[in-house]
**Q** 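Below you will find the structure I want to go over with you.
Below, chains carry the letters A, B, ... as their sequence lines are ordered, and counting in each starts from 1. Because only heavy atoms are used, hydrogens play no part in the values below, and waters and symmetry mates are left out as well, while side chains stay in.
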Amino acid sequence: MPNNRNVYIADLKDKTGQEVTLSGWLYNSRSSGKIQFLIIRDGTGLCQCIIEKGKIPDKLFDDLKRLGRESSLTVTGTVRADERSVGGHELAVTDAKIISPTDSYPITPKSHGVDFLLKHRHLHMRSQRQWCIGKIRHTLIDAIRMFFNDNGFTLIDTPIFTSFAAEGEQTLFEADYFGTPMHLTQTGQLHLEAAAMSFGKVYCFGPTFRAEKSKTRRHLTEFWMVEPEIAFIDLDGLLELAENFVSFIVDRVMQKNRSRLQTLGVDLATLEKIKPPFYRLTYTDAADILTGDRTQKFLAEQLEQLKNQKQQTESKIAELEEKQKGRLKQWQKDKIAAELIELRTDLAETDTKIENNPKHAKLASEFRWGKDLGGSDETIISQMHDKPVFVTHYPGEAKAFYMKADRKETKVVLNFDLLAPAGFGEIIGGSVREDDYDLLVKRIAEYGLNAENYEWYLDLRKYGSVPHGGFGLGVERTIAWLTAEKHIRQCIAFPRLMDKIYI
RNA sequence: UCCCCGAUAGCUCAACUGGUAGAGCGAGCGGCUGUUAACCGCUAGGUUGUAGGUUCGAGUCCUACUCGGGGAGCCA
C-alpha cells in the first residue's frame, strides 16, 4: 500500500486516480467566482490544483482565495491527467491546510530589474528559471564526477589556503592566516600534480577565487572549477580526454533535463551536435584566420545582419507606437507597452553589437603573433564554428610559467583552450606541464616568482618526473553555455561579483 | 582602471521641444465555473537617487556626488 500522505509533484504521474496530499508553496493562483486554480510548487515541480466551491468548506474556500503567493500549505485531492495543466497532471482538491500565509511577496510574475532580483536572490531562487538552472547545475556536477569516477580517476581535495600564485599574482585574494599573509586558491593544479605522481589519474573539484577586475557577464570572483590531472599524457591525449568529457557531460545534462532546458528556451538540436571530434586549431591557425579575409568578410556579413535586425526592430517599434495611439482596451495597451520594453532592450543590445563589430574587426585585423587571444578574438573564432573549438600551441610568453615548451617550436607551449561554439567563448584551459627540472627553474625565475615557494613543486621533477598534464573546466561558464543564459551570475546560487556581494 | 547609458509609486515603465506626475503588476474590496504572467470594476499608494545651480516655473537643462546596468582590458 503506497503512502499517499506525503507525495511529491514529480511522482504524480504514477498516482492518477488516487487521493494524495502535497506539501508546498503557492506559486500563483487564479480564481473565478466558484472555481480556483492554485499552482503549487514543492521543489520537484509545479502542479495546478482545482478548487470548486462546495467541495470544501466555504471558509476555507475564501481563505485560499485570499492566500498570497509563496504561502506554504498542504493540499489533498484526487490526481487526474489533464493536458491543460502544467506538467500534465492536476489535483481535484478535497481538503487543504494553510501552514503559513504570506502577504505582499516582493517578487511578482511580471518583470524585475537585475539589481532587485540579486538583492532578493534568497527568494528569486524559488522562481522557475532559477530552479531549472539549479537542477541543471546539479546534474552537470553529478555528470562531471561520474565521468571521472568511471574512468579511473581519484578525487583529491586540494587546499583553499595557499602560499603561492599559480595564475598570476594580480588576481590573488589575500587572507590573514594567524598573522601570516596567505591567499585563496586560484587553482588546485600544482597540488594536483603532486597527487598525479601518486595516483596516476586524479581530479579536484571545488571553489576557486580570482580577484580579477573584470565586470563582465563571464566573470565571478568565486567560481567552481573541476580540474583533472593525468600522469603520462601528451597534448593529443588531453584533447581527446577533454572532448570526450565535454561530450559526456553535455549528453548527460540533456538526458536528465529535457523539459527544463525547454522551459529555459534552449535549442536542443545545437546541443545534440556536441560529439567528438571537436575542431582543432593551433594558435597560429587562429591568428591566420583572424587576420585573413574570411574573418573580415564574416564580420562584414554579421554587421549587415545586425543592421537589418536593427531596422526590423525599429520598424516594429514604430508600428507599435503608432498602434498605441489608437483606441484600445487597457489590457491591449499594456501588452503593447510590455512588448515595447522588450523591443527597446533588444534594440540597445543590437546597437552595442553594431558598435562593437568594427572594433572587433579592427582588433582581429591588427592581431599580431605573440599576443594572447582577446575576448573578442575568441568570440569571433567560436562564432565561426558550430561545435567546440580547441586552440592549441600559444606563445609561451603570454601563458603561465608551468606550461611545457614545445621541444621543436620552442616559442610555443603545449597548451589548449576550448571555446564553446556560437560565440560563447572559453570554458576550458589546459596544458601539458613542464617536466624538465632546469627549464622549470628558468621559467620560475623569468616570471619573477619566489623560487622558495616552489621547492616542493620542483621536487616532482627531481623524483621520477614524467610527461603529464591536465585542464580546468569552469562550471558556471559551462552552465551559462548550456542554458543559453546571458550572464554567469544566474548560474550559481549566490554569486560573488567583482564589486558586490549581495547576500 | 577606462568608455557609454540609466535612476520617477513596493515592482516594471510612461510623461512631445521646461508648464497641475500617469499606467499596469503587486496590495485591499467586489464580480465571474476551466484559468494559463486569466479577466472586469473600485480604493489606497509619490519631497521624481543626494546636494547645489539656471528659470516666473525643473522629473525634464547645468555641475558634483552616490548607486546601478552595459561594454573594453584580463581570464575558467
**Q** Contact class for A/D103 vs. all strands (heavy atom < 4.0 Å): base, sugar-phosphate, or nothing?
**A** nothing
**Q** Give me the distance, rounded to whole Å, that separates B/G59 from B/U50 when you measure between the P atoms they each carry.
**A** 12 Å
**Q** If pairs are Watson-Crick or G-U with both distances under 3.5 Å, what is the dot-bracket string of RNA chain B, marking crossing pairs with [ ] and pairs to another strand with |?
**A** (((((((..((((.....[..)))).(((((.......))))).....(((((..]....))))))))))))....
**Q** Checking A/H122 now: which residues fulfil side chain to side chain donor-acceptor pair (under 3.5 Å) with it, not counting sequence neighbours?
**A** none
**Q** Is it the case that A/K119 places NZ or CZ above or below the six-membered ring of A/Y502, under 6.0 angstrom from the centre and within 45 degrees of the axis?
**A**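 Verdict for A/Y502: no cation-pi partner in A/K119.
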**Q** So, does A/Y27 use its side chain to make a donor-acceptor pair with the main chain of A/Q128 at under 3.5 Å?
**A**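 Side chain of A/Y27 to backbone of A/Q128, a donor-acceptor pair under 3.5 Å: yes, one is there.
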**Q** Rounded to the nearest angstrom, tell me the gap between atom NZ in A/K55 and atom P in B/U33.
**A**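 From A/K55 NZ to B/U33 P: 15 Å.
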**Q** Looking only at atom P, what distance separates B/A37 and B/C75, rounded to whole Å?
**A**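 These two P atoms come out 44 Å apart once rounded.
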**Q** Scan residues 30-42 of chain A for pairs that pass salt bridge (charged side-chain N to carboxylate O under 4.0 Å, His left out), counting only residues two or more places apart or in two chains.
**A** A/R41-A/E70
**Q** In whole angstroms, how far is the C1' atom of B/A76 from the CZ atom of A/R477?
**A**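 Value for this atom pair: 5 Å.
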**Q** Go through B/U33, B/G34, B/C75 for me and flag the one nearest to the A/K34 side chain.
**A** B/U33
**Q** Salt bridge check: are A/R129 and A/E485 linked by an N-O gap of less than 4.0 Å?
**A** yes
**Q** Is A/I428 touching bases, backbone alone, or none of the nucleic acid, heavy atoms closer than 4.0 Å?
**A** sugar-phosphate
**Q** For the C1' atoms, the ones on B/C74 and on B/G18, what distance do you get once it is rounded to whole angstrom?
**A**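 Result for the C1' pair: 46 Å, nearest Å.
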**Q** Categorize A/I427 for me: base, sugar-phosphate, or nothing, with a 4.0 angstrom heavy-atom threshold over every strand shown.
**A**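 Result for A/I427 = sugar-phosphate.
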**Q** May I have the distance from A/R69 (atom CZ) to B/G28 (atom P), rounded to whole angstrom?
**A** 13 Å
**Q** If the plane angle is over 60° it's perpendicular, under 30° parallel, otherwise tilted; pick one for A/F390 and A/F416.
**A** perpendicular
**Q** Using the ring pair (Phe, Tyr, Trp, His ring centres under 6.0 Å) criterion, which residues pair with A/F209? Sequence neighbours excluded.
**A**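 Testing A/F209 for ring pair (Phe, Tyr, Trp, His ring centres under 6.0 Å), a comparison that skips the adjacent residues, returns none.
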**Q** Pick the C1' atom in B/G71 and in B/C11, then give their distance to the nearest Å.
**A** 27 Å
**Q** Given B/G34, B/U35, B/C75, identify the nucleotide with an atom nearest to the side chain of A/R30.
**A** B/U35
**Q** When all nucleic acid strands are considered with a 4.0 Å heavy-atom cut-off, which category describes A/E90: base, sugar-phosphate, or nothing?
**A**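 If one applies the 4.0 Å heavy-atom cut-off, A/E90 turns out to touch a base.
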**Q** What integer distance in Å separates A/L64:CG from B/U35:P?
**A**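 That distance rounds to 21 Å.
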**Q** With sequence neighbours left out, write down each residue that passes side chain to side chain donor-acceptor pair (under 3.5 Å) with A/T282, or none if nothing qualifies.
**A**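 A/T282 satisfies side chain to side chain donor-acceptor pair (under 3.5 Å) with A/D285 only.
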**Q** Do A/F173 and A/H183 make the cut of ring centroids closer than 6.0 angstrom?
**A**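 No, ring centres 6.0 Å or more apart.
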**Q** Considering only heavy atoms and no angle criterion, is a donor-acceptor pair shorter than 3.5 Å present between the side chain of A/Q36 and the base of B/U35?
**A** no
**Q** So, is A/N28 close to the B/U35 phosphate, meaning a side-chain N or O under 4.0 Å from OP1 or OP2?
**A** no
**Q** Among B/A37, B/U33, B/A76, which nucleotide sits nearest the side chain of A/I488?
**A** B/A76
**Q** Taking the P atom of each, how far is B/U63 from B/C29, in whole Å?
**A** 49 Å
**Q** Please list, chain by chain and in numerical order, all residues satisfying side chain to side chain donor-acceptor pair (under 3.5 Å) with A/T108, sequence neighbours excluded.
**A** A/H112
**Q** In whole Å, measure the gap between the P atoms of B/G22 and B/A27 for me.
**A** 24 Å
**Q** Starting from C1' on B/A76, measure out to CG on A/L220 and report it in whole angstrom.
**A**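 Distance check: A/L220 CG to B/A76 C1' gives 10 Å.
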**Q** Hey, does A/E83 reach any base, or is it just sugar-phosphate, or nothing, if we go heavy atoms under 4.0 Å?
**A** nothing
**Q** Polar pairs (N or O, both sides) under 3.5 Å between protein and nucleotides 66-72 of chain B?
**A**
| unit_1 | atom_1 | unit_2 | atom_2 | d |
| --- | --- | --- | --- | --- |
| B/G68 | OP1 | A/K500 | NZ | 2.8 |
| B/G70 | OP1 | A/R489 | NH2 | 2.9 |
| B/G70 | O3' | A/R217 | NH2 | 3.4 |
| B/G71 | OP1 | A/R217 | NE | 2.6 |
| B/G71 | OP1 | A/R217 | NH2 | 2.3 |

**Q** Sticking with atom C1', work out how far B/G10 lies from B/U48, rounded to a whole angstrom.
**A** 16 Å
**Q** Going by modelled atom types, is there a donor-acceptor pair between the base of B/G73 and the side chain of A/R218 at under 3.5 Å?
**A** no
**Q** Could you state the OH-P distance from A/Y27 to B/U35, rounded to the nearest angstrom?
**A**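 A/Y27 atom OH is separated from B/U35 atom P by 20 Å.
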**Q** On RNA chain B, nearest-nucleotide positions of A/M498 versus A/D82: which is more 5'?
**A** A/M498
**Q** With the six-membered base ring of B/A76 as reference, does the ring of A/F223 sit under 5.5 Å away with planes under 30° apart?
**A**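 A stacking contact exists, since A/F223 sits close and nearly parallel to the base ring of B/A76.
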**Q** Could you list the residues that satisfy side chain to side chain donor-acceptor pair (under 3.5 Å) with A/R145, not counting sequence neighbours?
**A**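 With sequence neighbours excluded, A/R145 shows a side chain to side chain donor-acceptor pair (under 3.5 Å) to no residue whatsoever.
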**Q** Test of understanding: with side-chain contact (heavy atoms from CB on, under 4.5 Å), list the residues that count as partners of A/K310, not counting sequence neighbours.
**A**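 A/K310 satisfies side-chain contact (heavy atoms from CB on, under 4.5 Å) with A/E314, A/L347, A/T350, A/D351, A/I354 only.
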**Q** Taking only residues two or more places apart in sequence or in another chain, which ones pass side-chain contact (heavy atoms from CB on, under 4.5 Å) with A/I98?
**A**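 So A/I98 forms a side-chain contact (heavy atoms from CB on, under 4.5 Å) with A/D63, A/L64, A/L67, A/P101.
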**Q** Answer with base, sugar-phosphate or nothing: what part of the nucleic acid does A/T208 contact at a heavy-atom distance below 4.0 Å?
**A**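 The answer is nothing, as A/T208 stays clear of every strand by at least 4.0 Å.
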**Q** Name the residue closer to the 5' end of RNA chain B, choosing between A/E52 and A/Y105 according to the nucleotide with the nearest heavy atom.
**A** A/Y105
**Q** Nearest whole angstrom, please: distance from the P of B/C74 to the NZ of A/K399.
**A**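 These atoms are roughly 10 Å apart.
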**Q** Give one of base, sugar-phosphate or nothing for A/E476, where a contact means two heavy atoms less than 4.0 Å apart.
**A**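 Counting heavy atoms under 4.0 Å across all strands, no contact is made by A/E476.
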**Q** In whole angstrom, give the distance that lies between atom NZ of A/K53 and atom P of B/G31.
**A** 8 Å
**Q** At under 4.0 Å, does any side-chain N or O of A/R66 touch on OP1 or OP2 of B/C29?
**A**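 Checking B/C29 against A/R66, a side-chain N or O does come within under 4.0 Å of OP1 or OP2.
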**Q** Taking the basic N atoms (NZ, or NE/NH1/NH2) and the acidic carboxylate oxygens, is any pair closer than 4.0 Å for A/E90 and A/R80?
**A**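 Result for this pair is yes, salt bridge flagged.
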**Q** Not counting sequence neighbours, which residues clear side-chain contact (heavy atoms from CB on, under 4.5 Å) with A/T158? List them please.
**A**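 By the side-chain contact (heavy atoms from CB on, under 4.5 Å) rule, A/T158 matches A/I156, A/H191, A/L192, A/C204.
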**Q** Determine the interatomic distance between C1' on B/G69 and the same-named atom on B/U43; round to the nearest Å.
**A**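 It comes out at 36 Å once rounded to the nearest Å.
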**Q** Scan nucleotides 5-11 of chain B nucleotide by nucleotide, 5' to 3', and note B when protein non-hydrogen atoms come under 4.0 Å of the base, S if they reach only the sugar-phosphate, - if neither.
**A** ------S
